[in-house]
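Let me begin by presenting the structure, written as C-alpha cells, before commenting on it.
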Amino acid sequence: GSAIARSALVFTVSEASRRDILRFYPKADPDRLLVVPNAIDEAILADPGEEEMERVKERYQIRGRFVLYAGNIKPHKNLDRLIAAYAALRQQGGFEDLKLFIIGDETSRHGFLRRKVEEAGVRQDVRFFGFVPAHTLAALYRLASVFAFPSLYEGFGLPPLEAMACGTPVVTSRISSIPEVVGDAAVLVDPHSVEDIAAGLERVLSDDQRRAEMVARLRERVQLFSWERSVRS
C-alpha cells in the first residue's frame with residue numbers, strides 16, 4: 001500500500017479496477033490513481049477482406065450460425081455456464097443449426113469443459129480451438145452471429161469490445177468492469193444464471209429489431225476506445 005501511496009502516478013484500465021485497488025490499498029492516494037482504458041488491436045480492426053473470410057469459413061467448416069467465445073480458459077471466464085446456456089438454447093426450436101466456438105490458447109488442458117459438453121449432450125456442436133492469429137480472429141468475430149462473454153470478473157474486458165468493433169452483437173456480464181466498457185451497446189446478463197445467459201443469446205438471435213439497434217450502437221461505442229484517445233486522456 002505504501003508503495004502505491006508514494007508513487008507519482010498509477011494507471012489502471014477501468015473505474016472498476018480503480019475501486020478494487022483503493023479497496024485493497026486504502027492508503028493509496030485516489031488523486032494519483034488514473035484510469036486509462038485499453039484499446040483495440042489495429043489487426044482486429046482491419047477488414048480481413050472477402051478472400052480471407054472465405055478461407056476461414058473453409059478451414060473451420062463454417063456452414064451456418066455460431067456463438068463465439070474468445071479469451072483465456074480460466075474458471076472466472078464462466079465457460080461451464082456458457083456451455084450449459086448454449087445447450088439449453090439448442091433444446092428450443094429454431095436453433096438446430098447453431099454451433100458454439102470456443103477459442104482459447106489453453107483449451108486442451110481443461111478436460112472439465114469437454115466433460116461439460118459431453119454431459120450437456122452437445123459434443124457434436126461445440127468446437128474448441130487453441131490460439132488463432134489476429135487476422136483469423138478478426139474474421140471469426142465478423143462471421144459470428146453473437147459473441148458471448150459471461151465472465152465473472154474483468155479488469156477491463158477487451159474481447160467484447162473487439163467483437164463490437166467487428167460489428168458483432170455481444171452478450172456479456174452486467175458485473176465488474178464490463179458494463180463500463182460496453183455501455184448500452186451489448187445485452188447484459190447475470191453471469192451466475194444459466195437461464196439469463198441463454199435468454200440473452202436468444203434475444204440477440206431471435207429479435208431482428210434489437211439486433212439492428214445493437215449493431216447501430218456498436219461502432220459509436222468502440223470509438224471511445226482507441227490508443228490515440230487513451231494516450232490523450
Side-chain angles (χ1 to χ4, degrees), residues 13-17 37-41 44-45 65-89 98-107 110 113 116-117 126-132 134 136-205 210-211 214-215 217-219 221-222 224-225:
V13 294
S14 67
E15 288 292 346
S17 291
N38 280 333
I40 303 165
D41 188 332
I44 298 295
L45 291 173
R65 299 182 297 172
F66 65 94
V67 177
L68 178 66
Y69 167 85
N72 61 43
I73 310 297
K74 292 182 178 177
H76 74 274
K77 296 299 185 179
N78 207 27
L79 295 181
D80 53 342
R81 288 194 182 93
L82 174 58
I83 291 167
Y86 166 75
L89 191 61
L98 190 68
K99 309 293 185 187
L100 171 61
F101 290 1
I102 295 176
I103 297 174
D105 57 359
E106 297 179 355
T107 307
H110 296 274
L113 288 180
K116 186 76 177 178
V117 167
V126 178
R127 300 175 62 191
F128 293 94
F129 305 110
F131 170 82
V132 300
T136 301
L137 181 56
L140 288 169
Y141 274 138
R142 287 166 171 81
L143 290 167
S145 295
V146 58
F147 182 78
F149 197 79
S151 180
L152 298 173
Y153 177 82
E154 293 295 321
F156 185 80
L158 193 56
L161 196 62
E162 292 178 338
M164 288 163 58
C166 295
T168 299
V170 168
V171 173
T172 189
S173 305
R174 64 165 60 103
I175 62 175
S176 194
S177 66
I178 297 174
E180 177 185 341
V181 174
V182 301
D184 65 352
V187 170
L188 298 177
V189 298
D190 175 3
H192 296 283
S193 168
V194 169
E195 294 76 13
D196 206 35
I197 298 170
L201 294 173
E202 181 184 20
R203 216 172 305 147
V204 173
L205 291 164
R210 174 181 286 270
R211 185 182 182 88
M214 288 178 67
V215 171
R217 289 195 294 262
L218 298 181
R219 306 287 183 184
R221 184 68 189 174
V222 298
L224 300 175
F225 298 93

For this session: Test side chain to side chain contact (heavy atoms under 4.5 Å, CB included) on I83 and D80 and set out the steps.
Result: CA-CA 5 Å; I83 291 167; D80 53 342; 5.8 Å; no
Gap separating the [atom1] atom of [X] from the [atom2] atom of [Y], nearest 0.5 angstrom:
X    : Y    : atom1 : atom2 : result
E202 : L98  : CD    : CG    : 11.0 Å
M164 : L161 : CE    : CG    : 5.5 Å
N72  : L79  : CG    : CG    : 9.0 Å
I103 : F128 : CD1   : CZ    : 12.0 Å

So do the side chains of [X] and [Y] get within less than 4.5 Å of each other, counting heavy atoms only?
X    : Y    : answer
V181 : P160 : no
T168 : L68  : no
P159 : Y141 : yes

Exercise. Given the rule in the side chain to side chain contact (heavy atoms under 4.5 Å, CB included) test, do I73 and I102 qualify, once you have shown the distances and angles that lead to the verdict?
Worked result: CA-CA 9 Å; I73 310 297; I102 295 176; 4.0 Å; yes
For this session: Kindly indicate, with the supporting measurements, whether the criterion side chain to side chain contact (heavy atoms under 4.5 Å, CB included) is fulfilled by F129 and L140.
Result: CA-CA 12 Å; F129 305 110; L140 288 169; 5.5 Å; no
Exercise. Parallel, tilted or perpendicular for F66 and F101, by the 30°/60° rule?
Worked result: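 Correct class here is parallel.
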Problem set entry | Atom CZ of R210: over 12 foreign heavy atoms under 6.0 Å |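 No - once you tally the heavy atoms of other residues, nucleotides and ligands closer than 6.0 Å, there are 12 at most.
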For a quick test of reading the model, state the closest non-hydrogen atom pair linking [X] to [Y] and the distance between them.
X    : Y    : result
N78  : P150 : ND2-O, 2.9 Å
M214 : V204 : SD-CG2, 4.0 Å
L188 : S173 : CD2-O, 3.5 Å
Y153 : H76  : O-CD2, 3.2 Å
P191 : I175 : CG-CD1, 3.5 Å
A165 : L45  : CB-CD2, 3.5 Å

For this session: Show the numbers, then the answer: is there a side chain to side chain contact (heavy atoms under 4.5 Å, CB included) between F147 and T172?
Result: CA-CA 8 Å; F147 182 78; T172 189; over 6 Å; no
Exercise. In a check of side-chain contact (heavy atoms from CB on, under 4.5 Å) between L89 and each of I197, L100, L205, which one passes?
Worked result: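 Among the candidates, only L205 passes.
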Is there a donor-acceptor pair under 3.5 Å between the side chain of [X] and the backbone N or O of [Y]?
X    : Y    : value
R217 : D184 : yes
D196 : D190 : yes
Y86  : L201 : no
R211 : S145 : yes

Problem set entry | Salt-bridge criterion met for E195 and R81 (N-O under 4.0 Å) |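 Not counted as a salt bridge, because no side-chain N and carboxylate O are separated by less than 4.0 Å.
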